[in-house]
Amino acid sequence: MASTLGAPLEDDIVVAPIIARSRSLPPIVALTAACSLLAIIALTVFGPIFAAAPDAIHVGSRLQGPSSTYWLGTDELGRDLLSRLLYGGRVSLIVGFASTALAAIVGVPAGLLAGYRKGVFASLVLRVTDVLLAFPSVLLAMLTATFFGAGVLNLSLAIAVVNVAVFVRLARAGTLSQKGLEYVDAARSLGCSDLYIIFRSILPNTVSPLTTQAALSTANAIVLEAGLSFLGLGVHPPTSSWGVMLQVAKSYLYQDPWYGLAPGLLLVAVVLSLNASADAFPLIFDWRLRA
Amino acid sequence: MVPVLLGSAILIFFLLFVLPGDPAVFIAGGRGTEAQVELIRRSLGLDRPVPVQFVDWLWRTAHGDFGTSYINGFSVKVLLLQRLPVTAELALGAIVVATAIGLPAGLAGALWSEGPIGRLIDLFNAVAIAVPVFWLGILFQIYIGLQLGILPALGYVAFTDDPVENLRSMVLPSLTLGLGIAAVIARFLKAGILEGLRQNYVVTARAKGLSRRRVLFKHVLRNALMSVVTVTGLQFGGLLGGAVLTESVFNLPGLGNLMWISIQRRDYFVIQALTLLTVAVFLLVNLATDLTYGFIDPRIRTQEEQ
Amino acid sequence: MRTRPFTSEMTRRAFLGRSSLVVVGALSLPEIIAACSQAATGTSPSATLTIGTLPEFDSLDADHLSSTEDGVMSTIYDALIDMPQKPLEPRGWLAQSWDWTPDYTQLTLHLRQGVKFHDGSALTADAVAQNFTRGLNQQTGDSIPGTLGSVQSAAASGNDVVLTLKQPDVDVLYRLSWFRVMAPASFSTAKNNPIGTGPFKFVEWVPGDHLTVQRFDGYWKQTAGNVKQIVFKFFSDADALVNSAIGGQIDVLLFGNPKDADQLRSKGWTVYNRGVSDYMVLYLNATKSALQNLDLRQAVARAIDRDTIVKSAYYGLSTATTLPVPAQSPAYDQSIASDWNFDLSGAKQLVQSSGVSNPSFTVVIDSSFPDQVQAAQIIQQSLQQIGVTMTIKPVDSNTHTSLGLSGDYEALMWYASGGIADPADFEDNSGYRLPPRGVIWKNNAPADYVSSYTTALGTNDPAQRSSAFKAVWKVLHKYAWAIPIAWRAQLDAQKSTVTGVAYDVNDRLQPQDIVKS
């Protein structure tokens, strides 16, 4: 949940209860949002099959409004905006999901381990997370993006760095509240190794807020990618993404006001659905909530 | 707090070190030569071993000397002070907008949560959070500032030069930055009130005969507002990010803009000082909200201690 | 739209042998009018002019040459000579007149008398000599040591400054139009507190926000302008700059984008392309990767659809080029230039004859320049059609400059200043440079490049010089490592109430005659 460039909100165990209470959306809304999200993803996955080439330059027909040949008009080099929107959607969504996946893959195990046992590792992880959270996320994003360079993978890495701390915190918080419970003692007395306990017993019980966070981080990442592209730190031309399209559209608002409309709307729609469906994800992943 | 500041100092120094380019390149410019860049680097002390540079900078900063800009020779403190009023006013304006819109919206959302008004407010909240700040700013600038012409589309006039123009020029930027926060405030206030109304003590109070209005305003609202304050405090982390984009779009000479151009020119001392300043402010705000929240809800305090 | 302001012939004779005929201290027409009108009405300048520009602004030191600061610097400083765009002849400025020794190894500048610095001190030959000493020193001279590389030393002698050159080089005179004079007392603080002799004196600078200068009443020249104060406003965002103009907040716009011409015109602004001295160039590093193959480089040179690039990036406001000099220059040669006309089939044949299988390379571009971004994509598409894969790597400006100066690239897109005043100027641009300053040719450059350039540099007779440089262009086209693309169009605009805006040959704003009504 962020309209600014970063700073995920739900970053502290103190706040988690408030967040939980604020999510008072009825399940039907959450599920509708999840469906529209899937629809948009399907559009970007399958749409390009039917669309024109997104990189075909025809300078002569540039910056035209919607017409029967070009349903959304053309861009500054005469390329079809609709296909650039669809291919660009792929990039934006991939960056969004990939960066969250990277952040979770690194952050969750680190958080679980840090929460389970006190020690040097735990303190180190805690300190690093504190610094990453206090550090201005836009600055971090700009610097990591400049460092890694342009490109889908690099952008995902850069944004993952910004989002990893939240996962660490949440995983740790979940572990802290779980490890005192009886079933953990029981498992330990049975002789199960720590790693087994962490990943087979504790993790499934903490998955619920993590999936919610995953949805929110993805939304955050998509907006972050747009913002970075806006500042000129986006993907390699001629690849497009919604953020790149918005950046260029801003320069041509007078010449072609329609340019930014579709990418802007889709961006808002995706972020909206991710935020709204964040409540539905735990329902999918955690069978106990469904009961 | 100190470890986090130290950690941030290390992080920013490391990030700037691995970043390609440096201020010497910017100073030499396109007409320079590599030999010249080396010379400039040496004269700026950039060729010293990195740990030496780090300790030197840390030592000076701890003593209040933030260094001078590699680029324009101004003292970093002067540069920061020049721009602080702009960003402070922007942040204040954003908070004002956020509370002026968010509080009534949250209240209305709670009181009429069942009906269409409540749904509408929910929708507004969701959209306001989803729209990227820079896009919102551009829309305001073009359609309200340029086409309608009722407010300045961009630019900054100092309060001391012309108070009226100053306020007028800050309206659109504050709206841009504040709407997202307004939505957050509305959402949390509504949730806090609804949650509060379900609490046992409220049911008891009503049973005892206290009017709904009295219960609402004395107990529930006060507690709900506390959570709003906490969350708003957390938003400070994202404020610098929003400020960079808002100040760029509206051409405000604030700290966010300074950060952006300093990164472009690798003006190390400015970037480092700004980073530490932002982290310090964030930590202070966090501390304040943590204390307030811990004070209100003793259960949270013990949980934190684990 | 103003047409390219070149005279049909470059008359170098005016200064080469008959320097004494150079116009000395005469008033131009605007100045006469100004003197009359001011005398008649008794008004003193009172208007405040607001100029909007981009903020790549870091230093007010006169030895720091940067295109965005030039507009500001020309309000505060004067150069030794002035090269207007029309007529394209040097005229005396701080140096009233000059003499060459017959072998062109020594240039004596006769300084104008009665010129004062803003702090009241007088401009003396000694002060100018000190400026040269500082400027020619690598440690303190910033961009000057490269630009005035032929100058060995400078000495004051009475009211004259004598420049001794390392080798005969007439171009030095032209390059003096880049050299601005500071008050020696201000050397250490010139960066943010400059003192010059220019028509306006420095008042205050808030970095990244604005810079204010005020009319200097002790200026040595009568000016036609009525502007008392100029405020330069900086914009980090090009679109904010245009919006500010539309919103009426500024009077003059510098460094605009051609795409905004129509919008500004619709609001009654006067709009024109002032950029006539820079061209977009593609440097191919002939010492790296697949580009070591000459046929491949020749193929790339012919695969660039320059006309489409001009149309797309510059809205047709400028022209394509394959030589480092404009078409009006006597050193221009159409037969050499047409070598690299857009010819995809010819390019394809060259790719095949190169023998490189799956040729590919990466080009580094500066992502903050939309014209580079567009041109790169157009070139990419053309190259794809002939089987060459060009990957575009966008980087930020600082990284771009760093790579551009170190030569750590396979290919790089940049801007080069053309040989407007003199063809020899082309060599000052990174990719063209010869050892020891070389970027692409770090250790050895092709022998015929070195010899043809050295020969050309030593010529003095205009006809000889032109043909000598044509020989250099032949070598440039032979080795195809620096590929000019198109002259860069840069939009400048003024409100209809502002007149008298002029530029010198280096595209620098000359503010002294601006009138705002």
Side-chain angles (χ1 to χ4, degrees), chain B residues 19-40 42-43 69-74 78-79 82-83 86 138 141-142 145-147 149 152-158 244-245 247-254 257-258 260-267 270, chain C residues 55-61 64-67 138-143 145-147 189 191-193 205-210 233-237 239-241 243-244 246-247 249 368 395-407 414-417 428-430 433 436-439 442:
Chain B
L19 206 61
D22 65 11
V25 169
F26 183 82
I27 294 170
R31 292 183 89 90
T33 60
E34 261 211 309
Q36 203 179 7
V37 174
E38 266 313 306
L39 265 175
I40 297 175
R42 211 166 301 153
S43 70
S69 157
Y70 282 125
I71 303 300
N72 52 46
F74 279 72
V78 166
L79 288 172
Q82 264 173 358
R83 288 164 171 268
V86 181
I138 290 163
Q141 182 173 70
I142 303 289
L146 286 179
Q147 297 210 342
L154 50 128
Y156 177 77
V157 177
V244 171
L245 292 164
E247 287 173 10
S248 168
V249 167
F250 290 100
N251 203 46
L252 304 172
N257 182 256
L258 180 65
W260 176 226
I261 57 182
S262 298
I263 290 178
Q264 286 178 318
R265 307 174 200 185
R266 313 289 196 265
D267 204 350
V270 178
Chain C
E56 273 173 40
F57 210 92
D58 56 303
S59 165
L60 295 169
D61 185 322
H64 186 83
L65 301 178
S66 152
S67 50
Q138 280 268 28
Q139 296 265 16
T140 49
D142 213 297
S143 333
T147 306
T189 53
K191 199 167 177 173
N192 46 38
N193 196 355
W205 179 26
V206 175
D209 184 38
H210 71 271
K233 273 195 141 135
F234 305 121
F235 293 80
S236 57
D237 180 48
D239 297 314
L241 176 57
N243 286 338
S244 176
I246 304 287
Q249 293 170 351
S368 57
V395 294
D396 73 301
S397 284
N398 196 285
T399 312
H400 185 265
T401 308
S402 169
L403 290 173
L405 292 182
S406 68
W414 218 351
Y415 304 111
S417 52
D428 201 20
N429 299 293
S430 66
R433 288 187 201 146
R437 291 167 67 218
V439 172
K442 286 206 164 111

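Every heavy atom of this structure was used, including side-chain atoms; hydrogens, water molecules and symmetry mates were not. Convention: sequence-line order gives letters A, B, ...; per-chain numbering from 1.
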What are the two closest non-hydrogen atoms of [X] and [Y], and how far apart are they?
X	Y	value
B:Gly30	C:Thr401	N-CG2, 4.3 Å
C:Gln249	B:Leu154	NE2-O, 2.9 Å
C:Leu405	B:Gly32	CD2-O, 3.2 Å
C:Pro207	B:Leu79	CG-CD2, 3.5 Å
B:Ser248	C:Ala240	O-CB, 4.2 Å

Proximal component of [X], with respect to chain C [non-hydrogen, under 4.5 Å]:
X	value
B:Leu146	side chain
B:Asp22	backbone
B:Tyr70	backbone
B:Val37	side chain
B:Arg83	side chain
B:Ile138	neither

Checking heavy atoms, do the side chain of [X], its backbone, both or neither come under 4.5 Å from chain B?
X	value
C:Thr189	neither
C:Asp428	side chain
C:Trp414	side chain

Contact leader toward chain C among B:Ile27, B:Leu258, B:Asn257, B:Val249, where contacts are heavy-atom pairs under 4.5 Å: B:Ile27
Spacing of B:Ile71 atom CD1 and C:Asn192 atom CG [to the nearest 0.5 Å]: 12.5 Å
Rounded to the nearest 0.5 Å, how far apart are OG of C:Ser368 and CD of B:Gln264? 7.0 Å
Would you mind checking if C:Asp396 and B:Arg266 are paired as a salt bridge, meaning a charged N to carboxylate O distance below 4.0 Å? yes
C:Lys191 backbone acceptor or donor facing B:Asn72 side chain under 3.5 Å: no
Do the side chain of B:Gln82 and the main chain of C:Asp209 share a donor and acceptor less than 3.5 angstrom apart? no
Non-hydrogen side-chain atoms of C:Phe234 and B:Asn251 separated by less than 4.5 Å: no
Donor on one side chain, acceptor on other, C:Asn243 and B:Gln141, under 3.5 Å: yes
Relative to chain B, which of C:Gly404, C:Ser59, C:Ser244, C:Gly247 shows the most heavy atom pairs under 4.5 Å? C:Ser244
Applying side-chain contact (heavy atoms from CB on, under 4.5 Å), run through C:Lys442 and B:Glu34 and close with a yes or a no. CA-CA 11 Å; C:Lys442 286 206 164 111; B:Glu34 261 211 309; 4.3 Å; yes
